[in-house]
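These numbers were taken from a predicted model, which means no experiment stands behind them.
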Amino acid sequence: MARSVTEWVTVTGDISIIARESGEVWFHSPSSTKEGVDPFATPMTGAGAAGSTVGLLDGAINLGFAGIEKRLARPDPTLVNYTVALVGAYHTSVDTPRNLQRAARRFNELGRPEVAAYLEERAREETGHDRLALKDLRALGLPAECLVANFIPEGIKPLCKRFDDLCVQDYPIGCIGYSYCLERIAALKQKTDVEKVQAMCPDGVDATRFLRSHSGLGSEVTHVEETIEFVASLPANDRISVVQETYESALIMAEGYNHEFLKSEAEMLAELQQAVGEALPYRLSCYRSHGEKRGARPAA
Ligand SMILES: [Fe+2]
Ligand SMILES: [Fe+2]
């Protein structure tokens with residue numbers, strides 16, 4: 001009988017993620033093990049399997065988000081925080097095809113056509129997603145181009161920079177970990193999340209094109225499944241790098257959530273107002289802060 005695959009990756013100085021093909025995942029602290037008896041002290045070298053690779057990838061996301069989940073609840077959408085999230089969605093989408101194609105060219109130069117082909121396919125699939133966000137903003141009666149030209153939510157900036165930096169590296173395998181992190185989190189959004197947004201939009205307004213496509217209802221689910229299969233097929237050193245970057249991206253994304261969550265509606269509205277330099281449509285500008293802190297969920 002073939003032995004079940006076990007994979008492991010050290011993501012911080014003191015935490016390794018260990019995952020079995022059967023679905024078991026746990027975190028391991030090397031310092032808690034006696035020197036010389038830690039079986040996970042040396043990097044894994046064996047082949048991957050989808051069942052264990054997904055455990056590592058999702059374990060990395062859970063670890064990166066560990067700090068946020070305890071402190072902040074999932075906020076209900078308002079037209080204001082949804083608008084900020086759409087602007088963020090535009091910025092995390094607009095350069096994706098170009099960045100992925102650049103990374104693909106590098107893998108062709110490195111003699112890794114299979115990685116290049118995967119990234120080219122991803123680049124094709126992601127093309128036009130920035131336009132979905134623009135259409136949604138326009139549907140809400142906003143001057144979409146002006147808004148995105150003048151405003152990048154603070155919590156989103158480090159995420160965009162991370163992806164830009166990863167895609168120009170000499171060995172840009174980390175861009176797969178970044179993309180997985182964003183797509184996996186987007187795929188968690190369900191029909192009820194879409195319905196909540198639809199319920200607050202004016203009658204006849206469809207402002208959920210981006211959200212539907214980047215949720216459990218859209219193509220994101222397939223993208224996530226295909227990425228798991230692909231990462232599982234990579235050599236061990238590539239899988240290690242992808243999982244480590246998934247963790248780093250989750251940390252950056254969680255920090256962005258924290259930043260945006262702590263803003264009030266009034267602060268977010270002021271940022272939008274400043275960006276467009278003109279009166280916002282009535283439905284947005286009539287929102288008032290009721291003293292509660294509600295923020296935008298940076299959208300993937
Ligand atoms: Fe997308
Ligand atoms: Fe996607």
Side-chain angles (χ1 to χ4, degrees), residues 5 7-11 43-54 56-58 60-61 64 89-133 156-187 213-214 218-253 300:
V5 173
E7 299 187 61
W8 65 94
V9 173
T10 300
V11 287
M44 64 177 177
T45 53
S52 41
T53 299
V54 69
L56 294 180
L57 291 166
D58 288 353
I61 292 177
Y90 168 84
H91 286 292
T92 54
S93 306
V94 65
D95 293 327
T96 301
R98 195 193 60 198
N99 276 339
L100 290 175
Q101 276 155 2
R102 182 179 177 131
R105 281 197 299 277
R106 182 65 190 139
F107 276 107
N108 268 326
E109 287 167 9
L110 291 165
R112 298 286 302 278
E114 81 290 3
V115 183
Y118 166 83
L119 293 172
E120 279 160 11
E121 175 71 17
R122 286 271 92 88
R124 272 192 296 277
E125 286 168 352
E126 294 301 324
T127 299
H129 286 189
D130 54 323
R131 289 201 293 276
L132 296 178
I156 288 293
K157 279 183 193 170
L159 210 50
C160 295
K161 183 176 183 319
R162 185 74 178 185
F163 192 47
D164 291 348
D165 291 348
L166 287 169
C167 291
V168 298
Q169 286 181 353
D170 283 344
Y171 193 73
I173 198 82
C175 70
I176 298 175
Y178 169 98
S179 299
Y180 181 83
C181 179
L182 265 67
E183 294 193 315
R184 181 73 179 95
I185 287 168
S213 149
H214 296 79
S219 52
E220 220 62 321
V221 179
T222 324
H223 295 177
V224 166
E225 287 167 359
E226 287 170 357
T227 298
I228 293 164
E229 290 290 335
F230 180 71
V231 175
S233 76
L234 289 170
N237 55 347
D238 284 345
R239 299 200 310 281
I240 291 170
S241 300
V242 169
V243 171
Q244 286 170 336
E245 183 49 43
T246 302
Y247 171 70
E248 294 299 330
S249 296
L251 274 182
I252 295 170
M253 201 169 168

Would you give the length of the straight line joining atom [atom1] of [X] to atom [atom2] of [Y], rounded to the nearest 0.5 angstrom?
| X | Y | atom1 | atom2 | value |
| --- | --- | --- | --- | --- |
| T92 | Y178 | OG1 | OH | 6.0 Å |
| L119 | C167 | CG | SG | 8.0 Å |
| K161 | L166 | NZ | CG | 9.5 Å |

### Task
Please report the C-alpha distance between T227 and R122 in whole Å, then the side-chain angles of each, then the deciding distance to 0.1 Å, and finally whether the side chain to side chain contact (heavy atoms under 4.5 Å, CB included) criterion is met.
CA-CA 9 Å; T227 298; R122 286 271 92 88; 3.3 Å; yes
### Query
Is there a side-chain contact between E183 and E226, using heavy atoms and a 4.5 Å cut-off?
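The answer is no; the side chains never approach within 4.5 Å.
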### Query
Is there a side-chain contact between L182 and L159, using heavy atoms and a 4.5 Å cut-off?
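With C-beta onward as the side chain, the pair touches.
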### Task
State whether a side-chain donor-acceptor pair under 3.5 Å links S249 with E245.
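Yes.
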### Query
Is there a donor in the side chain of E220 and an acceptor in the side chain of H223, or the other way round, less than 3.5 Å apart?
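Short answer, yes.
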### Task
Taking E7 for its side chain and A49 for its backbone only, find out whether a donor-acceptor pair lies under 3.5 Å.
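The answer is yes, because a donor-acceptor pair under 3.5 Å joins these two groups.
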### Query
When you measure from the side chain of S233 to the backbone N and O of F230, does any donor-acceptor pair fall under 3.5 Å?
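Present.
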### Task
Classify the ring geometry between F107 and Y171 as parallel (under 30°), tilted (30 to 60°) or perpendicular (over 60°).
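The arrangement is perpendicular - the two ring planes meet at more than 60°.
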### Task
Assess whether side chain to side chain contact (heavy atoms under 4.5 Å, CB included) is satisfied between V242 and T246, documenting all intermediate values.
CA-CA 6 Å; V242 169; T246 302; 4.2 Å; yes
### Query
Less than 4.0 Å between a side-chain N and a carboxylate O, is that true for R112 and E114?
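Yes.
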### Task
Given side chain to side chain contact (heavy atoms under 4.5 Å, CB included), test R184 with I61 step by step and report yes or no.
CA-CA 9 Å; R184 181 73 179 95; I61 292 177; 3.7 Å; yes
